[in-house]
Amino acid sequence: MKFEVWSEEEIGKKIGEEIIELIHRKENAVLGLATGSSPTCVYRYLTEAYRERRVSFAKVTTFNLDEYIGLSPDHPQSYRSFMNRHLFDCVDIDLKNTHLPSIRDGEDAYLHYDKRIEEAGNIDYQILGIGSNGHIAFNEPGTPFDSLTHIVYLKESTISDNARFFASRDEVPVSAVSMGLSSILKAKKIVLIALGKKKKEAIRRLYEDDPSVDLPASALKYHKDVTIYCDPDAASGILSKVKDYARV
Ligand code: GLP
């Protein structure tokens with residue numbers, strides 16, 4: 001696991017360029033995408049590159065990590081509408097090739113999500129954010145490392161963290177469908193973005209501690225190609241210990 005420290009803009013550029021390079025190499029690349037404020041720097045970079053005609057998403061397939069239960073796809077805070085707004089509606093991707101896990105097509109539709117990813121050839125490049133309690137996707141502390149896509153009941157801390165996107169805390173859904181930790185570890189390459197002081201403690205634990213279900217992101221230590229991109233605030237608990245990082 002590699003740690004790098006850059007400004008948010010630089011992180012967007014570095015990951016964006018890697019994705020562009022991947023699509024140039026493999027036009028039907030499979031991307032694993034995340035929502036939240038952290039990955040928007042990447043989506044801004046990719047949208048701009050598309051406008052400059054440096055990349056086309058026409059043959060690309062995407063799988064998102066998670067989706068709330070109980071919000072319709074056109075609700076402004078559903079992850080479907082987040083993705084449409086921040087990326088899909090801004091580039092030439094075919095919406096038919098964009099997937100989010102859901103229970104809408106039947107109570108057990110989410111059970112087929114891992115199979116669909118496998119049939120698409122598995123994820124070439126997975127983007128992750130991290131929750132302040134160390135969750136990735138909606139895999140809350142305690143989630144087994146061998147979990148596949150499943151229904152999740154959100155922790156109070158996650159509901160509070162995400163309340164900023166809703167008119168009130170009561171409107172935040174209490175459950176979601178999420179890819180599991182094992183689903184995520186099947187991606188060929190993984191990058192995690194952590195921005196801001198609120199992520200400092202999770203990043204410190206990720207850097208210092210052995211893998212444990214108490215910190216879901218620590219499952220990534222079992223993957224051979226993971227880079228953790230932090231801004232200086234998120235990295236402030238480890239800066240003195242990380243030897244191999246770029247100062248901004
Ligand atoms: C939500 C999402 C996660 C995301 C996390 C952090 O809980 N399900 O995938 O990583 O929020 O979000 P942010 O990047 O806004 O801090």
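Counting starts at 1 for both ligands and their atoms, in listed order. The shown structure was predicted, so the numbers you read here are calculated from the model rather than taken from an experiment.
Looking at Lys199 against ligand 1, only its side chain comes within 4.0 Å, counting heavy atoms. Only the backbone of Ala137 comes within contact range of ligand 1, with a heavy atom under 4.0 Å; no side-chain atom does. By the criterion of a heavy-atom distance under 4.0 Å, neither the backbone nor the side chain of Leu128 is placed next to ligand 1. Here Ser37 has heavy atoms under 4.0 Å from ligand 1 in both its backbone and its side chain.
Checking only distances, Thr35 never comes within under 3.5 Å of ligand 1, N or O to N or O. For ligand 1, the polar-atom distance check finds no N/O of Thr158 at less than 3.5 Å from any of the ligand's N/O atoms.
With respect to atom 6 (C) of ligand 1, the closest heavy atom belonging to the protein is Ile130 O, 3.6 Å. Counting only heavy atoms of the protein, atom 12 (O) of ligand 1 lies nearest to Gly36 CA, 4.0 Å. The protein non-hydrogen atom at the shortest distance from atom 5 (C) of ligand 1 is His135 NE2, 3.7 Å. Here the heavy atom of the protein found nearest to atom 2 (C) of ligand 1 is Tyr79 OH, 3.6 Å.
In the vicinity of Ser38, heavy-atom distances shorter than 4.0 Å reach the ligand 1 atoms 13 (P), 14 (O), 16 (O). Here is the list of ligand 1 atoms found below 4.0 Å of a heavy atom in Gly129: 10 (O). Heavy-atom contacts of Arg164 reach the following atoms of ligand 1: 13 (P), 15 (O), 16 (O) (cutoff under 4.0 Å).
A donor atom on one side chain and an acceptor atom on the other are found under 3.5 Å apart for Asp74 and Ser72. A donor-acceptor pair shorter than 3.5 Å can be found between the side chains of Tyr125 and Glu18. With hydrogens and angles left out, the side-chain atoms of Glu140 and Tyr153 include no donor and acceptor closer than 3.5 Å.
Heavy atoms from other residues, nucleotides or ligands lying under 6.0 Å from CD of Glu9 number 12 at most. Other residues, nucleotides and ligands contribute more than 12 heavy atoms inside 6.0 Å of the NZ atom of Lys186.
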Evaluation steps, salt bridge (charged side-chain N to carboxylate O under 4.0 Å, His left out), between Lys115 and Glu118: CA-CA 5 Å; Lys115 188 102 200 321; Glu118 206 179 299; over 6 Å; no

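The heavy atom nearest to atom 9 (O) of ligand 1, considering only Leu192, Asp161, Ile159, Asp66, is found in Asp66.
Partner Leu215 forms a side chain to side chain contact (heavy atoms under 4.5 Å, CB included) with one of Leu206, Asp209, Leu220, Ile130 and no other, that one being Leu206.
Taking the centre of each ring, Phe57 and Phe88 stay at or above the 6.0 Å mark.
Although no hydrogens or angles enter the test, the distance criterion places no donor-acceptor pair under 3.5 Å between the side chain of Asp214 and the main chain of Pro141.
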